[in-house]
There are 2 protein chains.
Amino acid sequence: MPLKIGDLAKATDTQVVTIRYYEKEGLLRQPERSDSGYRLYSETDVERLHFIRRCRQHGMSLGEIRALLAFRDSPTSSCDWINFLVEKHIAEVEQQIESLQLLKSHLETLRRSCGGDHAHGCGIIAQLDRDTPCPSCNGLHCRLAPGSSVPSR
Amino acid sequence: MPLKIGDLAKATDTQVVTIRYYEKEGLLRQPERSDSGYRLYSETDVERLHFIRRCRQHGMSLGEIRALLAFRDSPTSSCDWINFLVEKHIAEVEQQIESLQLLKSHLETLRRSCGGDHAHGCGIIAQLDRDTPCPSCNGLHCRLAPGSSVPSR
DNA sequence: CTTGACTCTATAGTGACTATAGATGCTAGG
DNA sequence: CCTAGCATCTATAGTCACTATAGAGTCAAG
């Protein structure tokens with residue numbers, strides 16, 4: 001018995017809307033339909049969607065996954081570029097890690113600007129803006145206080 | 001003499017369109033205009049845009065920067081939430097680094113699937129799709145070859 | 001028979017830009 | 001003065017990978 005879109009969603013831990021989106025994007029085939037127009041899927045679709053989700057977890061773009069699926073479907077071509085793809089991703093991920101570590105150290109510098117000795121006032125704004133020292137706080141209430149007047153995203 | 005938008009762009013290493021975008025988003029004030037309608041900026045705007053770009057480099061969203069600018073402009077409020085913001089960012093960045101390191105180890109496993117001993121064929125597709133072994137390559141041409149038939153993004 | 005969960009299509013919104021088209025202005029060389 | 005080639009203007013649409021919303025139809029349990 002075929003699966004409905006909700007079943008496929010559960011089986012692959014994917015949202016229903018995302019499945020329809022992948023179909024629109026040509027990653028999933030147009031499925032059979034029931035008399036009432038419901039999409040009907042098979043185990044093959046479960047596999048294919050699992051494949052897609054695994055690739056997404058590896059940070060691949062939908063375009064790359066499309067190409068990988070095409071390769072999987074017609075395996076006559078060389079697989080050299082798969083290796084290239086993986087190498088490229090490793091390099092990108094290393095790059096990202098490096099720049100995040102730099103960012104983290106910047107942020108920690110920022111945090112230190114306001115911590116410890118409060119004699120010279122909160123330096124975070126000053127750090128971000130070399131001309132204006134933080135005019136509030138005056139070394140009195142410059143303390144980590146989670147949940148206090150955080151701006152809404 | 002006031003700066004034109006291109007001068008401001010050069011001074012802050014920002015694209016012209018991005019400056020107009022920030023204006024539309026309320027991060028930069030509506031600037032004076034020349035007789036012919038050109039935007040005219042001052043050193044204050046250079047500072048402000050530098051501030052914005054520095055915050056962006058710290059991974060802050062435009063919404064957060066808007067709030068930081070409001071704080072900077074009217075320093076009557078408590079600066080507790082700036083500390084909270086920085087703490088939150090550090091935690092987020094740590095989280096990102098962690099998950100990227102996991103991803104990297106996954107990718108390296110993938111790479112190993114096709115490297116070294118080729119006796120058992122390219123395993124990358126097989127790794128991504130536990131049922132289908134990679135039917136091409138047959139352990140013959142499964143080798144890193146950058147620039148070969150890479151799919152276009 | 002009703003309720004509530006599920007499904008359908010179509011459209012718009014997200015964030016932080018980027019790209020394009022078509023019009024106008026400014027400046028330097030001839 | 002004329003022209004070529006920039007810079008600037010506005011307005012709109014596109015990017016990526018979804019996510020959200022509206023309004024309608026379907027299905028199974030109680």
Measure [atom1]/[X] against [atom2]/[N] and give the value in whole Å, please.
X      : N       : atom1 : atom2 : answer
I65(A) : dC16(D) : CD1   : P     : 13 Å
K10(B) : dA7(D)  : NZ    : C1'   : 10 Å
D7(A)  : dC27(D) : CG    : C1'   : 13 Å
I5(A)  : dG25(D) : CD1   : C1'   : 16 Å
D13(A) : dC18(D) : CG    : P     : 13 Å
L40(A) : dT26(D) : CG    : P     : 15 Å

Query raised in the report: Can you list the steps and then say if R39(A) with R33(A) is a side chain to side chain contact (heavy atoms under 4.5 Å, CB included)?
Result: CA-CA 5 Å; R39(A) 287 168 178 82; R33(A) 298 289 184 128; 3.5 Å; yes
Query - ILVMFWY cluster, V86(A) and I97(A) together (side-chain gap under 4.5 Å) - result: yes
**Report entry** Side-chain N or O of Y22(B) closer than 4.0 Å to phosphate OP1/OP2 of dC17(C)
**Finding:** yes
Query - side-chain N/O T18(B) vs dA16(C) OP1/OP2, d < 4.0 Å - result: no
Query raised in the report: Touch check for E25(B), heavy atoms < 4.0 angstrom, all strands: base, sugar-phosphate only, or nothing?
Result: nothing
Report task. Verify, without hydrogens or angle tests, whether R29(B) (side chain) and D45(B) (backbone) share a donor-acceptor contact under 3.5 angstrom. Result -> no
Query raised in the report: For L69(A), does its backbone N or O pair with a side-chain atom of R48(A) as donor and acceptor, under 3.5 Å?
Result: no
Query raised in the report: What's the shortest heavy-atom distance between R53(A) and Y22(A), and which atoms?
Result: NH1-OH, 2.8 Å
Query raised in the report: Which atoms form the tightest heavy-atom contact between R56(B) and M60(B), and what is the distance?
Result: NH1-O, 2.7 Å
Calculate, to the nearest 0.5 Å, the distance between atoms [atom1] and [atom2] belonging to [X] and [Y] respectively.
X       : Y      : atom1 : atom2 : answer
T14(B)  : H50(B) : OG1   : NE2   : 7.5 Å
L8(B)   : L28(B) : CG    : CG    : 7.5 Å
E108(A) : H89(B) : CD    : NE2   : 14.0 Å

Query raised in the report: Mapping V17(A) and Q15(B) to their closest nucleotides on DNA chain C, which lands nearer the 5' end?
Result: V17(A)
Can you name the atoms? Protein N/O to nucleotides 26-28 of chain C N/O, anything below 3.5 Å, with the distance.
unit_1, atom_1, unit_2, atom_2, d
dC26(C), OP1, S36(B), OG, 3.3

Contacts under 3.5 Å, N or O only, protein and nucleotides 10-13 of chain D:
unit_1, atom_1, unit_2, atom_2, d
dT10(D), OP1, R33(B), NH1, 3.2
dT10(D), OP1, R33(B), NH2, 3.1
dT10(D), OP2, R39(B), NH1, 2.9
dT10(D), OP2, R39(B), NH2, 2.8

